[in-house]
2 protein chains.
Amino acid sequence: MDAAYRLFADKGVSATSLQMIADAMGVTKAAIYYQFKTKDEIVIALTERQLAGLEDVLDAAEAEPSRPRARELLLERVIDIAVADRRLVSVLQFDPVVVRLLAEHPPFQQFITRLYRAMLGDEADTAARVHAAMMSGAISVAVMHPLVADISDEELKAQLLASMRRMVELRE
Amino acid sequence: MDAAYRLFADKGVSATSLQMIADAMGVTKAAIYYQFKTKDEIVIALTERQLAGLEDVLDAAEAEPSRPRARELLLERVIDIAVADRRLVSVLQFDPVVVRLLAEHPPFQQFITRLYRAMLGDEADTAARVHAAMMSGAISVAVMHPLVADISDEELKAQLLASMRRMVELRE
DNA sequence: GTCTATAGAATGATAGAC
DNA sequence: GTCTATCATTCTATAGAC
């Protein structure tokens, strides 16, 4: 999975073949097929590994009575994970093949629904949704943008968190 | 190119074969190869067609002495184009294969450099760059996010412009 | 300018030996 | 659990006829 992670982050999912993953590991394709029945399963396993880091904080956010505090909890962790996995984020979020695959995977959909509900509450007016979409995009893209490629993880995290807090305040 | 546009937007570049494009057009692959020497050329031609809509407003922004007004000009047009081509935006911006291809295409690089200079001026401190990356991401993703899939172009444009203006003001 | 036909390589996936 | 060998299919790209 680490080999797949590196190749997916580098070339994207569709442009990465099982042969490439096998070569990177020094094994054959057949060995990979013993662990994963299809290429899709590798993508799903990788996605679940990424989202696992949000599990506990999402539980905590759902138990938190104050919405702003719940949002703050989630925001910090989401930024942490996004910065740590800068290069994979866009691949998993924006590759149409991956998006479709994950959309057909119920556990993933349920998780995302929980995440947005914890962030948005039950408000669902147009302005709130556009704002949420923008914040989500701002994080996803900010961590992988060429403009910030040379900024250290720590500094990027701090800047992002500060900017996001100001963006969130715009809506309170 | 319209057929390629639709397929790229739907499946991404790597997952779209020349055969699919040919089938969608009702011609054979050989007919496409007569027009474009390689698949990459199709991607570049499509990208140039998208960016052509920014050409005149970028000229105008560079001639504009007031930076905030230049930014406002660019912002409006960028949002217009992004909303109009909702589905293609992420494919061209985030597919690692496309990103690499365009990075090796000097005319594209020069155009992007001009665009960022017109937006950022010569300030290049960390905070300004992170902020610019976030704004760029906010637009790119906001137009294609599932949360906003059912919002009309006109309403989405208005909301995005309003949100972006408030984000920009945070930095003035 | 589009066609048929094909070359040559790569793809995802499987069978069966060890 | 990994291997070799192979399947059917698909891919990009080209040659040559019309």
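In what follows, chains are A, B, ... by sequence order, proteins preceding strands, each numbered from 1.
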Output the rounded distance in Å from [atom1] ([X]) to [atom2] ([N]).
{"X": "B:Leu18", "N": "D:dT9", "atom1": "CG", "atom2": "C1'", "answer": "17 Å"}
{"X": "A:Tyr33", "N": "D:dA5", "atom1": "OH", "atom2": "P", "answer": "19 Å"}
{"X": "B:Gln19", "N": "D:dT9", "atom1": "CD", "atom2": "P", "answer": "15 Å"}
{"X": "A:Lys39", "N": "D:dT9", "atom1": "NZ", "atom2": "P", "answer": "20 Å"}
{"X": "A:Met25", "N": "D:dG1", "atom1": "CE", "atom2": "P", "answer": "12 Å"}
{"X": "A:Lys11", "N": "C:dT11", "atom1": "NZ", "atom2": "P", "answer": "11 Å"}
{"X": "B:Phe36", "N": "D:dT14", "atom1": "CZ", "atom2": "P", "answer": "15 Å"}

A:His105 and its side chain to side chain donor-acceptor pair (under 3.5 Å) partner, picked from A:Glu48, A:Gln110, A:Arg100: A:Glu48

Audit row: A:Arg49, A:Asp85, salt bridge (Lys or Arg N to Asp or Glu O under 4.0 Å) steps and yes/no: CA-CA 11 Å; A:Arg49 197 173 77 165; A:Asp85 295 307; over 6 Å; no

Rounded (10°) bend between the five-pair end axes of the helix from C:dG1-D:dC18 to C:dC18-D:dG1: 0°

Main-chain N/O of B:Ser17 paired with B:Lys29 side-chain donor or acceptor, under 3.5 Å: no

A:Met167 backbone acceptor or donor facing A:His131 side chain under 3.5 Å: yes

Within 6.0 angstrom of A:Lys11 NZ, more than 12 heavy atoms from elsewhere: no

For [N], does either OP1 or OP2 sit under 4.0 Å from a side-chain N or O belonging to [X]?
{"X": "B:Gln35", "N": "C:dT2", "answer": "yes"}
{"X": "B:Thr28", "N": "C:dC3", "answer": "yes"}
{"X": "A:Tyr34", "N": "D:dT2", "answer": "no"}

Closest-nucleotide 5' rank along DNA chain C - winner of A:Ala30 and A:Ser17: A:Ser17

Pairing of B:Glu76 and B:Arg165 as salt bridge, 4.0 angstrom limit: yes

Sugar-phosphate only, base, or nothing, as touched by A:Lys29 at under 4.0 Å among non-hydrogen atoms: base

